[in-house]
Amino acid sequence: MKTITPYQTIGIIGGGQLARMMSFSAKAMGYKVAVLDPEPNCPAGQVSDIEITAAYNDMEAIKKLASISDVITYEFENIDYEALKWLEENTYLPQGSNVLKVSQHRYLEKKTISDMGIRVAEFCLIDSAEALKKNITYPSVLKTTTLGYDGKGQIVLRSEADLPRALEQAANYECILEKFVPFTKEVSVIVARSTTGETAVFPVSENIHVNNILHQSIVPARISPKVEQEAIDYAQKIANNLNAIGLLAIEMFVVDESIVINEIAPRPHNSGHYTIDACVTSQFEQHVRAVCGLPLGATTLHTPVVMVNILGDHLDKQNMSNLAPYIPLLPNGKLHLYGKAEARDKRKMGHINLLGDINESLKAAAAQPHFADNSYR
């Protein structure tokens with residue numbers, strides 16, 4: 001373990017919105033930031049000191065990033081594992097590769113958490129269409145074991161009518177079949193664990209998804225104290241058992257006043273964007289603190305908050321400069337845009353944090369014209 005001090009350089013693999021917001025926090029704390037991403041002028045590249053435009057598995061680019069960085073972190077899971085192994089062996093990668101390896105593969109992820117004695121959805125590995133036919137139950141969810149996020153690679157099987165598409169996916173990709181969990185709410189917990197072993201937990205977020213993409217996060221979550229404590233306890237147990245460094249986000253289901261773990265992500269998380277305006281320390285500053293070996297910040301919630309995602313669906317794709325409808329006119333609204341030039345359906349373009357009374361914030365969000373599209377809801 002070592003401490004990375006201001007004026008040193010943080011290298012980030014991935015240049016999307018998470019890296020962008022991480023960069024804002026890092027630069028505010030006095031660090032320089034280098035970003036590696038395949039897309040020129042990526043969201044994080046716009047605000048970083050050094051932008052390397054190359055594929056994530058480009059070893060020359062990886063080595064260049066390592067040569068100019070004092071510590072390296074990453075903003076998402078779907079990056080090259082072999083490149084991370086090289087970084088782990090040849091430079092300072094406090095998060096390591098083990099947690100990423102677990103979170104990159106849904107079967108390994110479920111098995112690892114289940115082996116901790118923590119409840120997950122019933123699951124089995126599907127390596128062929130025949131295996132799916134033998135194990136199919138309704139309702140269930142078929143997911144590719146790798147490279148899936150925001151609903152990609154996921155097929156909900158409610159009846160035999162959904163089977164043909166699922167059989168095609170099972171024939172072409174390794175999958176995991178999960179028995180459908182009859183949840184009453186979806187929640188998440190983000191826990192930070194420093195290189196020193198210090199941990200800190202952010203308030204539990206209640207999450208509402210539309211078309212498998214996060215639509216709103218509500219904090220504090222509208223759950224009982226018992227469920228809240230169980231969620232926090234499980235998050236800390238998973239982070240400690242995995243020896244996670246940095247942030248670990250754990251998505252969970254609430255079922256009959258108990259917690260069932262869904263997925264983990266070893267990075268800042270969409271459901272933690274509320275922390276930018278509503279907590280003493282944002283999730284992005286906390287991640288920087290954790291990987292740099294600094295004391296963790298307080299996670300106290302200043303105020304109730306509703307975070308609302310802005311997708312490409314909500315924007316005028318022909319006139320991206322026309323953002324007037326998306327600038328919150330309410331005094332409790334905080335707008336965060338990600339610097340993406342092209343608006344595509346289902347693409348995350350920004351978010352709004354509505355601070356204060358939750359019921360009033362939910363009403364205000366529902367009244368915004370850009371969230372009134374029934375096809376999206």
Looking at residues at least two apart in the chain, or sitting in another chain, which of them share a ring-ring contact (aromatic ring centres under 6.0 Å, His included) with F24? none
Can you find a heavy atom in the side chain of P6 that is under 4.5 Å from one in the side chain of M29? no
Quick one: do E251 and S188 satisfy side-chain hydrogen bond (donor to acceptor under 3.5 Å, both in side chains)? Show the steps, please. CA-CA 4 Å; E251 298 179 17; S188 61; over 6 Å; no
Ignoring hydrogens, what is the shortest heavy-atom contact between L337 and I310? Give both atom names and the distance. CD2-CD1, 4.4 Å
Regarding T146 and Q104, is there a side-chain donor-to-acceptor distance under 3.5 Å anywhere? no
Pairing of E342 and K340 as salt bridge, 4.0 angstrom limit: no
Can you hop from I245 to I72 via hydrophobic side chains spaced under 4.5 Å? no
Quick one: are L100 and Y74 in side-chain contact, heavy atoms under 4.5 Å? yes
Pairing residues for D256 by the salt bridge (charged side-chain N to carboxylate O under 4.0 Å, His left out) criterion, not counting sequence neighbours: none
Nearest heavy-atom approach of P38 to T53 is O-CG2, 3.3 Å
Applying the side-chain contact (heavy atoms from CB on, under 4.5 Å) test to I118, which of I250, I259, I238, D233 qualifies? I238
Atom OH of Y173: over 12 foreign heavy atoms under 6.0 Å: no
Side-chain donor-acceptor contact under 3.5 Å, H273 with Q283: yes
Count I, L, V, M, F, W, Y as connected when their side-chain heavy atoms are under 4.5 Å apart, and connections chain through other members. Are V99 and M252 then in the same cluster? yes
Indicate whether any N or O donor in one side chain lies under 3.5 Å from an N or O acceptor in the other, for N243 and N98. no
Less than 4.5 Å apart, any side-chain heavy atom of T275 and any of T281? no
Tell me yes or no: between the side chains of H215 and N207, is some donor less than 3.5 Å from an acceptor? no
Run V288 and I4 through side chain to side chain contact (heavy atoms under 4.5 Å, CB included) and show every step you take. CA-CA 10 Å; V288 171; I4 308 301; over 6 Å; no
Angle class for the Y107/H105 ring planes (parallel below 30°, perpendicular above 60°, tilted otherwise)? perpendicular
K143 with E178: basic N within carboxylate O range, under 4.0 Å: yes
Could you work out, with ring-ring contact (aromatic ring centres under 6.0 Å, His included) as the rule, every residue matching Y234, not counting sequence neighbours? none
Counting neighbours of NZ on K64 that are heavy atoms of other residues, nucleotides or ligands and sit closer than 6.0 Å, is the number greater than 12? no
Would you call E109 and R106 a salt bridge, using N to O less than 4.0 angstrom? no
Do any pairs count as a salt bridge (charged side-chain N to carboxylate O under 4.0 Å, His left out) and have a residue in residues 281-305, sequence neighbours left out, and if so which ones? E285-R289
Check whether any side-chain heavy atom of E51 lies under 4.5 Å from a side-chain heavy atom of S48, and answer yes or no. yes
Let's go through H287 and T73 carefully: what are the C-alpha distance in whole Å and the side-chain angles of both, what is the deciding distance for side-chain hydrogen bond (donor to acceptor under 3.5 Å, both in side chains) to 0.1 Å, and is it a yes or a no? CA-CA 9 Å; H287 183 74; T73 184; 2.8 Å; yes
Smallest heavy-atom separation, Q154 atom then N212 atom, equals OE1-OD1, 4.4 Å
Taking side chain as C-beta onward, heavy atoms only, is I261 less than 4.5 Å from R119? no
Could you tell me whether the side chain of T144 reaches within less than 4.5 Å of the side chain of Q169, counting heavy atoms only? yes
Check each of I276, V308, L311 against H351 using the side-chain contact (heavy atoms from CB on, under 4.5 Å) test, and report the only one that passes. I276
Of all heavy-atom pairs linking P220 and I358, the shortest is O-CD1, 3.7 Å
Are V187 and I208 co-members of a hydrophobic cluster defined by side-chain heavy atoms under 4.5 Å apart? no
Kindly indicate whether a cation-pi arrangement holds for K348 with Y338, taking the cut-offs as under 6.0 Å to the six-membered ring centre and within 45° of the axis. no
Quick one: which residue pairs count as a salt bridge (charged side-chain N to carboxylate O under 4.0 Å, His left out) with a foot in residues 26-37, not counting sequence neighbours? K27-D49
Side-chain touch R267/H269, heavy atoms, less than 4.5 angstrom: yes
For residues 82-90, which side-chain donor-acceptor pairs fall under 3.5 Å, sequence neighbours excluded?
| from | atom 1 | to | atom 2 | distance (Å) |
| --- | --- | --- | --- | --- |
| E88 | OE1 | S97 | OG | 2.6 |
| E88 | OE2 | S97 | N | 3.4 |
| N90 | ND2 | W86 | O | 2.8 |

Looking at K179, I want to see if its NZ is surrounded by more than 12 non-hydrogen atoms of other residues, nucleotides or ligands under 6.0 Å. no
In terms of heavy-atom contacts, P203 and L301 come closest through CG-CB, 4.1 Å
Around atom CD of Q8, are there more than 12 heavy atoms from other residues, nucleotides or ligands closer than 6.0 Å? yes
Is any NZ, NE, NH1 or NH2 atom of the basic residue among R165 and E168 found under 4.0 Å from an Asp or Glu carboxylate oxygen of the other? no
Is there a continuous path of hydrophobic side-chain contacts, each under 4.5 Å between heavy atoms, that joins M307 to V219? yes
Can you tell me how far CD1 of I68 sits from CD1 of I10, rounded to the nearest 0.5 angstrom? 13.0 Å
Write down the atom of F202, the atom of V189, and the distance for their closest heavy-atom approach. O-CG1, 4.2 Å
